[in-house]
Number of protein chains: 2
Amino acid sequence: MNEPQDKNSTINDVARLSGVSKRTVSRVINKSPKVGKSTRDRIQKIIDDLGYSPNAQARGLASRRSYLLGMIYDNPDALYINDVQRGVLSICREFGYELVVHPCDMTSDSLISDAVNFANRSKLDGVIVLPPVSENNDLAGALGKAGVNYVRLASIALDTAKHVVISNERSAAAAMAEYLVTLGHRRIGYIAGPQGMRSTRERLEGFCDALEIHGCKPDLDMIALGDYSFESGINCTRELLANENPPTAIFASNDEMAVGAINAAKDMGLDVPNDLSIAGFDDSILASRIMPSLTTIRRPVQEMARFATSKLISSIDGREEEAKTPIMLVPSLIERSSTRAIDLT
Amino acid sequence: MNEPQDKNSTINDVARLSGVSKRTVSRVINKSPKVGKSTRDRIQKIIDDLGYSPNAQARGLASRRSYLLGMIYDNPDALYINDVQRGVLSICREFGYELVVHPCDMTSDSLISDAVNFANRSKLDGVIVLPPVSENNDLAGALGKAGVNYVRLASIALDTAKHVVISNERSAAAAMAEYLVTLGHRRIGYIAGPQGMRSTRERLEGFCDALEIHGCKPDLDMIALGDYSFESGINCTRELLANENPPTAIFASNDEMAVGAINAAKDMGLDVPNDLSIAGFDDSILASRIMPSLTTIRRPVQEMARFATSKLISSIDGREEEAKTPIMLVPSLIERSSTRAIDLT
DNA sequence: CTATAAATTGCTAACGGTAGCATTTGTTTT
DNA sequence: AAAACAAATGCTACCGTTAGCAATTTATAG
C-alpha cells in the first residue's frame with residue numbers, strides 16, 4: 001500500500017500541514033462527528049500521505065486508555081493456553097487492542113504484586129486471568145482494589161461478579177462417566193489431576209456423582225492420583241491395571257494422561273478399545289492424532305476466551321451490565337475410537 | 001508482600017511526601033548514582049510504602065523507551081509458536097520487558113503496513129519476526145526504513161545483518177535422509193511442505209542432496225506434495241504407498257504429516273516400523289506421544305528465541321556488534337521407534 | 001435583517017515522567 | 001581561609017495526545 005510512516009510525524013505535523021489546530025486533527029483521529037466534511041477529508045488525506053499514526057503512549061497518557069490488554073497465566077506448556085490466546089487475540093483485533101502476555105509463577109509469593117504491577121505499570125486497560133491462576137481469590141481481590149479491570153476464566157462460578165464461567169467441568173465429567181456406564185462399564189478407573197486445583201476437584205466430583213447416580217459406587221481402588229502429565233498417566237494406568245479386579249475402562253481427567261494410559265495399556269498388551277476403553281478430557285491436538293483416536297471432552301476454550309475478552313472490553317467501556325451478565329458454555333463429549341461398549345457375550 | 005500500589009500515586013506524590021524535587025525521585029527510580037545515600041533510602045522507603053511504580057506510558061513518552069517488545073507471526077496454530085513465545089518471554093522477564101503478541105495474515109497486502117503500524121503506534125522498542133513471515137524481505141525493509149528495531153528468526157541466512165539463523169534445516173533434512181539410507185533404505189518417500197515456503201525448499205533440497213551423495217537418485221514418484229497438515233500427511237502417504245514400487249521409508253517434512261503417515265500406514269495394515277519406517281521433522285509434542293514414537297529432527301526453537309531476543313535487546317541498547325554476531329544452532333536427530341533398519345534377510 | 005441556536009474549530013492545561021542545565025552544599029587543595 | 005572542584009539536588013522545558021471551554025462561523029428562526 002502507501003508508504004509506511006516516517007517514524008517521525010506527529011499530530012503537530014499533521015495540524016501544520018493541513019492548516020488547522022491539533023484539536024481538530026485529534027477530532028478526526030478519534031472520529032468525532034463534529035468536524036466539517038471537507039476539513040475531515042483534507043486532514044485524512046494528509047494523515048494518509050504522511051503515514052501518520054498516533055503515538056499510543058502519548059495517547060494513553062492523556063486519555064488514560066492504552067488499548068492494551070494483558071493475559072496472566074501460569075503453566076505455559078498447557079496446550080489450552082494457545083487456544084485461549086487465539087480467542088483473546090481475535091477480539092483484540094476486532095476492537096483495536098493489543099495483547100500483552102504475562103506468564104507468572106503461581107507458587108511465588110510475589111505473584112499478587114507481580115500481577116498488579118504488571119497491570120498498573122503497563123497501564124493496561126484490563127487483564128484476563130486464566131486458570132489455574134484465576135482460582136486465586138486474593139489475586140482477584142488485589143486487582144480489584146488496585147483499580148484494575150479484569151475478567152477471570154474459570155471452570156465454575158467464582159465468588160465475584162467479574163468472571164466468566166468457562167464450563168461446568170463437573171457436569172462434563174459426569175457426562176463422560178455416564179457415557180461409560182451406558183457402554184456397559186461397571187468398573188471404571190479414574191486418573192485424577194494434581195491436588196489443590198479446582199479442576200481436579202470438579203472433575204473428580206462429577207465422576208463420582210455420576211457413578212453414584214447410576215448405582216455403581218465409586219471404588220477407592222479405582223481412583224489414581226496423577227498430575228496431568230503424560231508420565232503420570234502411564235504410572236496411574238499401570239497401578240489401576242495391577243488391581244486384582246482391574247477396570248474395563250479408564251477415564252483420565254486430561255488428554256495427556258489419557259494418551260499415557262493408551263501407551264501403558266498397549267505396552268501391557270492390551271488392545272484399546274477392545275480390552276480397555278480409555279477416555280480423556282480437553283480435546284487437545286493429541287486426541288485426534290493418537291491411534292486409536294481419543295474419546296474426550298471438548299471445552300469451548302476459544303469461544304470462552306472470546307466472550308471473556310468481549311466482556312472485559314464492555315467493562316472497560318463502562319457497560320457494566322453487559323460485563324456482568326454471566327456466561328456459561330457447555331462442554332461436549334466427543335466420541336471417538338478409544339471407547340466401546342463392553343462385550344457382554 | 002507489601003500493599004500493592006494504590007492505582008494513584010505519581011512521582012509528584014513521592015516527591016512531595018519526601019520533600020525533594022521530582023528530579024531527585026526520578027534519579028532514585030532510575031538508579032542514578034548521584035543521589036545521597038540517606039536521601040535515596042528515605043525516598044525508597046516512601047516509594048515502597050506508597051507502592052508507587054512509575055507510569056510506563058509517561059516514562060516511555062519522555063524517554064522514548066517503552067520496554068515493550070513485539071512478536072509478529074502468522075500461523076498461530078503451529079505448535080512451535082508456543083516454544084518461541086516461551087523462549088522470548090524468558091528473556092523479556094530477565095531484562096524487564098513485556099511482550100506484545102501480534103498475529104498477522106501473511107497473505108494480506110496490508111501485512112507490511114500492519115506490522116509497521118503495530119511497532120510504531122505501540123512504540124515498541126523492538127520486534128521479533130517469526131517464520132514464515134520473517135522470510136518476507138519487503139517487510140524487513142519496511143521495518144528498517146521505519147526505524148523499527150527488529151530481529152528475524154529464520155531457517156537459513158537471510159540477506160540482511162539483522163537476523164538469527166535458527167538452524168540449517170537443509171543439513172538437518174540431509175542428516176535424516178542419510179540416517180535412513182544408513183538403515184538400509186533405498187526407496188525413501190518424501191512428503192514436502194506447502195509451495196513457496198522457505199522451509200519447504202530447504203528441507204527438500206537437503207533430502208535430495210543427501211540421496212544424491214549416497215548414490216540413490218531421488219525419484220520423482222517418491223516425492224509427494226503436502227502442506228504441513230495432518231490430512232495431507234495421510235493423503236500423501238496413500239499416494240506414495242500406491243506406487244507400484246512403494247517406499248520402505250517415508251520422511252515427512254514435519255511431524256503433523258508424519259503422524260498422518262503413521263495413521264495412514266496403520267490403516268493400510270502396515271506395521272510401523274517393521275513394514276515401513278517413518279520420520280518427521282520438528283519434534284513437536286506429538287512425536288513423543290504417538291505410538292510408535294517418532295524419529296524426528298529437533299530444532300532448538302526455544303533456545304533460538306532466547307538468543308534472538310537477547311540480540312534484539314542488545315541492539316536496542318546500542319550494542320550493535322553484539323546484535324550482529326551471527327548465531328546458528330544446529331538441529332539434532334532424535335531417534336525413536338518409528339524407524340528401523342531394513343530387513344535384509 | 002437581527003437574534004439565537006447549531007455546527008465548527010481553536011486554545012491550552014493537563015497526563016506522569018525524563019534529562020539538560022543551574023544551583024546549592026560539601027570537600028579538598030593550597 | 002579562600003579557591004577550586006565534586007557531589008547532591010532543584011528547576012523546567014519537553015514528549016505527543018486528549019478534552020474542557022472559549023471563540024468563531026454558519027444555519028435557522030422570528
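Lettering follows sequence order; numbering is per chain, from 1.
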Using a 3.5 Å distance criterion without hydrogens, assess whether the side chain of A/N136 forms a donor-acceptor pair with backbone atoms of A/D138.
yes
Indicate whether OP1 or OP2 belonging to D/dG16 is found under 4.0 Å from a side-chain N or O atom of A/T10.
no
Checking the side chain of A/D74 only, and the main-chain atoms of A/M106 only, is there a donor and an acceptor separated by less than 3.5 Å?
yes
Can you tell me the distance, in whole Å, between the CD1 atom of B/I11 and the P atom of D/dT12?
16 Å
Which pair of heavy atoms, one from B/S66 and one from A/Q57, lies closest together, and at what distance?
CB-NE2, 3.2 Å
Positional range of nucleotides in DNA chain C within the contact set of chain A, heavy-atom, under 4.0 Å:
C/dT8 to C/dG16
Calculate the interatomic distance between A/L61 atom CG and D/dC15 atom C1'; express it in whole Å.
9 Å
Measure from CZ on B/R40 to C1' on D/dA8 and round the result to the nearest Å.
11 Å
In terms of side-chain geometry, is the basic nitrogen of A/D41 or A/K45 positioned less than 4.0 Å from the acidic oxygen of its partner?
no
Separation of atom CG in B/N120 from atom C1' in D/dC15, rounded to whole Å
15 Å
Expressed as a whole number of angstroms, how long is the span from A/L50:CG to D/dG16:C1'?
14 Å
Would you be so kind as to tabulate the donor-acceptor pairs closer than 3.5 Å made by side chains of residues 86-93 of chain A, with sequence neighbours excluded?
{"residue": "A/S90", "atom": "OG", "partner": "A/G87", "partner atom": "O", "Å": "2.8"}
{"residue": "A/R93", "atom": "NH2", "partner": "B/P103", "partner atom": "O", "Å": "2.8"}

What is the ring orientation for B/H102 with B/F118, classed by angle as parallel under 30°, tilted 30 to 60°, or perpendicular over 60°?
parallel
Can you work out whether A/T24 or B/Q57 has the more 5'-proximal nearest nucleotide on DNA chain C?
A/T24
Rounded distance (Å) that lies between atom P of D/dA8 and atom CG of B/D41:
13 Å
Starting at atom CG of A/N12, determine the distance to atom P of D/dC15, rounded to an integer number of angstrom.
8 Å
Strictly below 4.0 Å: does A/S26 bring a side-chain N or O up to OP1 or OP2 of D/dT18?
yes
D/dT18, OP1 or OP2 - any side-chain N/O from A/R59 closer than 4.0 Å?
yes
Hey, can you pull the residues of residues 27-38 of chain A with a non-hydrogen atom under 4.0 angstrom from DNA chain C?
A/R27, A/K34, A/V35, A/G36
State, to 0.1 Å, how close A/R152 and A/A140 come at their nearest heavy-atom pair, and which atoms those are.
CZ-CB, 3.5 Å
May I ask you to say whether A/R16 pairs ionically with A/D13, meaning some side-chain N is under 4.0 Å from a carboxylate O?
yes
Below 4.0 angstrom, N of the basic side chain to O of the carboxylate: do B/D317 and B/R65 qualify?
yes
Any side-chain N or O of A/Y52 less than 4.0 Å from the OP1 or OP2 oxygen of D/dT17?
yes
On DNA chain D, more 5' by nearest nucleotide between B/R23 and A/V25 is B/R23
